[in-house]
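The structure under discussion appears below in the form of structure tokens.
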Amino acid sequence: KIVMAGATLALALTAGSVFAANSLVRGTFGLNVPMQSNQTDNFLINGKYFVTNDLAVLAGLGVRVAGGDAKGTDIGVSGGIRKYLKTDDFAPFVGGRLIYTSTNDSNTKDLSVMAEAGAEYFLAKQFSIEGRVGFGYTSNEVTTPAVGFTPASTAKVTYIGTGTLGLSANFYF
């Protein structure tokens with residue numbers, strides 16, 4: 001996956017700005033689909049709405065149902081804001097995001113508050129490739145159900161640092 005993501009990004013950067021225009025304008029709606037991510041929230045589909053030409057409001061929702069030995073339902077929600085530093089075909093951005101996921105039938109719960117930075121590169125007016133990295137706070141709570149004579153237990157761990165790293169595709173309408 002990493003090789004494919006790297007090859008896609010390299011192709012995007014060497015393709016040049018043949019299409020010249022992009023969709024970073026007020027009133028535009030976009031969908032962000034993860035192609036590769038180091039997070040357990042990579043099942044979230046995120047939307048963005050541009051309130052100005054360089055400011056977007058972000059919202060995400062995801063549901064995933066596992067079968068076989070890994071039965072369970074995962075849900076996630078996210079929200080945030082993003083400020084574009086330039087609105088050219090190569091558009092760097094900074095922003096913030098709040099992410100909540102409940103996985104393995106609520107046995108694992110994550111809450112993240114992240115500052116993020118990255119860039120989008122437009123291959124066409126309504127399609128871009130995005131890379132981003134997030135830094136912030138994550139709280140992870142894992143509940144282990146009771147088995148036999150072993151009682152149920154809950155472990156909570158918090159992290160501060162680089163929390164998200166991802167490559168995704170954006171489609172604009």
Exercise. With Ser78, which residues qualify under side chain to side chain donor-acceptor pair (under 3.5 Å), at least two apart?
Worked result: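 Once residues adjacent in sequence are excluded, the partners of Ser78 under the side chain to side chain donor-acceptor pair (under 3.5 Å) criterion are Asn46.
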Problem set entry | Partners meeting side chain to side chain donor-acceptor pair (under 3.5 Å) with Asn140 (sequence neighbours left out) |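 With neighbours one apart ignored, the set is Asp110.
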From [atom1] ([X]) to [atom2] ([Y]), nearest 0.5 Å:
{"X": "Leu85", "Y": "Phe90", "atom1": "CG", "atom2": "CZ", "answer": "10.0 Å"}
{"X": "Arg82", "Y": "Arg132", "atom1": "CZ", "atom2": "CZ", "answer": "7.0 Å"}
{"X": "Ser168", "Y": "Leu31", "atom1": "OG", "atom2": "CG", "answer": "11.5 Å"}

Following the transitive rule for hydrophobic clusters with a side-chain heavy-atom cut-off under 4.5 Å over Ile, Leu, Val, Met, Phe, Trp and Tyr, establish whether [X] and [Y] coincide in one cluster.
{"X": "Leu58", "Y": "Leu44", "result": "no"}
{"X": "Phe29", "Y": "Ile45", "result": "yes"}
{"X": "Ile129", "Y": "Val33", "result": "yes"}

Please check: side-chain N/O of [X] versus main-chain N/O of [Y], any donor-acceptor pairing under 3.5 Å?
{"X": "Arg26", "Y": "Asn53", "result": "no"}
{"X": "Asn107", "Y": "Thr144", "result": "no"}
{"X": "Thr154", "Y": "Thr143", "result": "no"}

Problem set entry | 4.5 Å side-chain heavy-atom contact, Ile81 and Leu55 |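 Answer yes - side chains close enough.
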For [X] against [Y], the heavy-atom pair lying closest together:
{"X": "Leu24", "Y": "Ala91", "answer": "CD1-CB, 3.6 Å"}
{"X": "Gly136", "Y": "Met114", "answer": "N-SD, 3.5 Å"}
{"X": "Gly96", "Y": "Glu116", "answer": "N-CG, 4.4 Å"}

For this session: Mind checking ring-ring contact (aromatic ring centres under 6.0 Å, His included) for Tyr84 and listing every partner two or more places apart, or none if nothing turns up?
Result: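 Only Phe50, Phe93 meet the ring-ring contact (aromatic ring centres under 6.0 Å, His included) criterion with Tyr84.
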For this session: Sorted by first residue and then second, give each ring pair (Phe, Tyr, Trp, His ring centres under 6.0 Å) pair with at least one member in residues 138-173; sequence neighbours left out.
Result: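 As it turns out, the ring pair (Phe, Tyr, Trp, His ring centres under 6.0 Å) pairs with a partner in residues 138-173, which skip direct neighbours, are Phe122-Tyr172, Phe127-Phe171.
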Exercise. Can you pull the salt bridge (charged side-chain N to carboxylate O under 4.0 Å, His left out) pairs that have at least one residue in residues 46-56, sequence neighbours excluded?
Worked result: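 As it turns out, the salt bridge (charged side-chain N to carboxylate O under 4.0 Å, His left out) pairs with a partner in residues 46-56, which skip direct neighbours, are Lys48-Glu120, Lys48-Glu130, Asp54-Lys83.
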Exercise. Transitive ILVMFWY cluster of Leu61 at side-chain heavy atoms under 4.5 Å: who else is in it?
Worked result: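 Hydrophobic cluster check, Leu61: joined to Val77, Leu98, Tyr100, Leu111, Val113.
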